[in-house]
2 protein chains.
Amino acid sequence: MYDKKMSEKADLTQFEALAGACKALSHPARLTILQTLARRGTCICGEIVDILPLSQATVSQHLKILKEAGLITGEIDGPRSCYCIDGDAMRLLRGQLEQVFRSLEHCC
Amino acid sequence: MYDKKMSEKADLTQFEALAGACKALSHPARLTILQTLARRGTCICGEIVDILPLSQATVSQHLKILKEAGLITGEIDGPRSCYCIDGDAMRLLRGQLEQVFRSLEHCC
DNA sequence: TTTTCTTATCGTACATCGACGATGAACGAT
DNA sequence: ATCGTTCATCGTCGATGTACGATAAGAAAA
């Protein structure tokens with residue numbers, strides 16, 4: 001009936017960025033795209049379409065999601081597009097996740 | 001017109017488990033729940049509802065998602081439920097993510 | 001210019017997510 | 001047996017995600 005502790009609600013916004021990055025990783029096709037980009041070393045365009053069992057439109061959409069999440073960069077090179085892993089963003093994400101996992105080490 | 005390389009399509013199923021775990025992490029409320037469980041050390045029941053700015057039904061739904069993803073365990077203790085981080089699952093996920101990030105170190 | 005190749009975007013259809021109120025189930029206490 | 005508490009589940013609804021074909025936009029090649 002009465003307020004328990006005068007609303008000490010958690011601030012969810014502090015995790016919004018990390019949650020968004022995890023969402024970008026939360027699809028097999030997008031993880032496969034990242035793996036492919038890393039494996040080829042150099043940037044790749046629509047070879048990804050040939051590799052994935054998905055339509056060109058769907059692949060392009062997944063690439064857009066990864067780009068909007070800041071995990072990859074895309075540059076137009078003539079008639080084709082060249083995508084590349086954003087190393088800085090990836091290292092940042094890696095560090096953030098590592099920090100979370102460290103804080104989660106103390107379980108019951 | 002002709003098959004480029006006789007269908008060397010990537011197998012997306014190999015990343016399904018990891019993608020599913022990332023999806024479980026891809027919501028601020030769920031990350032906050034994990035942080036709360038870790039912070040309290042001991043298992044927690046519906047105090048989470050008091051902490052999060054969400055309804056009891058919504059919190060229960062997030063807890064279910066985390067449990068189905070195997071990241072937490074839930075035990076019924078009398079009239080209340082006691083949740084706890086699954087340390088083994090968390091370490092496994094941490095290792096898998098670390099492996100992915102290592103393979104992504106070689107960027108352009 | 002016209003064609004061809006490559007890629008992005010639009011529109012659509014269906015599935016899933018995220019949030020909530022309401023209800024139900026389980027238990028302790030009266 | 002009847003409350004009151006705690007929690008899970010149901011049903012609903014709008015928003016978002018996933019997939020595709022079709023189309024548009026751009027540059028190279030004819």
Side-chain angles (χ1 to χ4, degrees), chain A residues 1-4 9-10 12-13 15-16 19-33 36-37 40 43-69 71-84, chain B residues 1-5 9-10 12-13 15-16 19-34 36-37 40 43-69 71-84:
Chain A
M1 197 65 77
Y2 36 79
D3 295 0
K4 307 227 169 177
K9 299 297 185 185
L12 298 190
T13 64
F15 280 126
E16 265 176 8
C22 288
K23 185 180 292 189
L25 298 180
S26 69
H27 194 289
R30 293 195 285 272
L31 289 174
T32 304
I33 288 173
T36 303
L37 287 177
R40 306 259 170 155
C43 303
I44 295 289
C45 47
E47 301 171 284
I48 304 174
V49 174
D50 294 334
I51 290 177
L52 295 192
L54 297 170
S55 75
Q56 180 267 323
T58 303
V59 170
S60 191
Q61 195 170 256
H62 283 302
L63 286 167
K64 185 181 181 182
I65 291 174
L66 286 171
K67 197 163 100 176
E68 284 178 349
L71 299 182
I72 67 176
T73 59
E75 291 178 9
I76 298 174
D77 175 26
R80 62 203 85 212
S81 283
C82 193
Y83 286 97
C84 182
Chain B
M1 196 64 75
Y2 35 78
D3 294 0
K4 307 226 168 179
K5 278 185 179 176
K9 299 297 186 185
L12 298 190
T13 65
F15 278 126
E16 266 177 7
C22 288
K23 184 179 290 186
L25 296 179
S26 70
H27 194 288
R30 294 196 284 272
L31 290 173
T32 304
I33 288 174
L34 291 177
T36 303
L37 287 177
R40 306 258 170 155
C43 304
I44 293 289
C45 46
E47 299 170 286
I48 304 174
V49 174
D50 294 334
I51 291 177
L52 295 192
L54 297 169
S55 75
Q56 180 266 323
T58 304
V59 171
S60 192
Q61 194 170 257
H62 283 303
L63 286 167
K64 185 180 181 183
I65 291 172
L66 286 171
K67 199 164 98 175
E68 285 179 347
L71 298 182
I72 66 175
T73 58
E75 291 178 9
I76 298 175
D77 175 25
R80 62 202 83 214
S81 283
C82 193
Y83 287 96
C84 182

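Note that the coordinates shown come from a computational prediction; the quantities given were computed from them, not determined experimentally. Letters A, B, ... are given to chains in the order of the sequence lines, protein chains preceding strands, and every chain is numbered from 1.
K9(A) contributes a side-chain N or O that, together with a main-chain N or O of D50(B), makes up a donor-acceptor pair within less than 3.5 Å.
Within the 4.5 Å cutoff, side-chain heavy atoms of L71(A) are placed close to those of L25(A). At a threshold of 4.5 Å between non-hydrogen side-chain atoms, the residues T58(B) and H62(B) count as touching. Looking only at side-chain heavy atoms (C-beta outward), Q61(B) and L54(B) stay at 4.5 Å or farther from each other.
Atom-to-atom, CD of E47(A) to P of dT6(C) comes out at 11 Å; the value is rounded to the nearest Å. Put simply, CD on Q61(A) is 14 Å from C1' on dT7(C), counting in whole angstrom units. K64(A) has its NZ atom 7 Å from the C1' atom of dT9(C), to the nearest Å. Rounded to an integer number of Å, the gap from NE2 of H62(B) to C1' of dC7(D) is 16 Å. One atom, CD of E75(A), and another, P of dG26(D), lie 18 Å apart when rounded to the nearest Å. Summarising the geometry, the separation between CD on E68(B) and P on dA8(D) is reported as 12 Å, rounded to the nearest angstrom. Between the C1' atom of dA8(D) and the CD1 atom of I48(B) lies a distance of 14 Å, rounded to the nearest Å. Rounded to an integer number of Å, the gap from CZ of R80(A) to P of dA28(D) is 10 Å.
Among dA19(C), dA19(D), dA28(D), the nucleotide with an atom closest to any side-chain atom of T58(B) is dA19(C). In this structure, of dT9(D), dC20(C), dT18(D), it is dT18(D) that holds the atom nearest to the side chain of R30(A). Here the nucleotide nearest the side chain of Y83(B), chosen from dA8(D), dG21(C), dT18(D), is dA8(D). With dA8(C), dG21(C), dC20(D) as the choices, the nucleotide that has an atom nearest any side-chain atom of S60(A) turns out to be dA8(C).
Along DNA chain C, the nucleotide closest to Q56(A) and the one closest to K23(A) are compared, and the more 5′ of them pairs with Q56(A). For S81(B) and L12(B), each mapped to the nucleotide of DNA chain D holding its nearest heavy atom, the one lying further toward the 5' end belongs to S81(B).
Residue I76(A) is out of contact with every strand shown, counting any heavy-atom pair closer than 4.0 Å. Contacts of L63(B) with the nucleic acid, taken as non-hydrogen atoms under 4.0 Å apart, are absent.
Nearest heavy atoms, Y83(A) versus L37(A): O-CD2, 3.7 Å.
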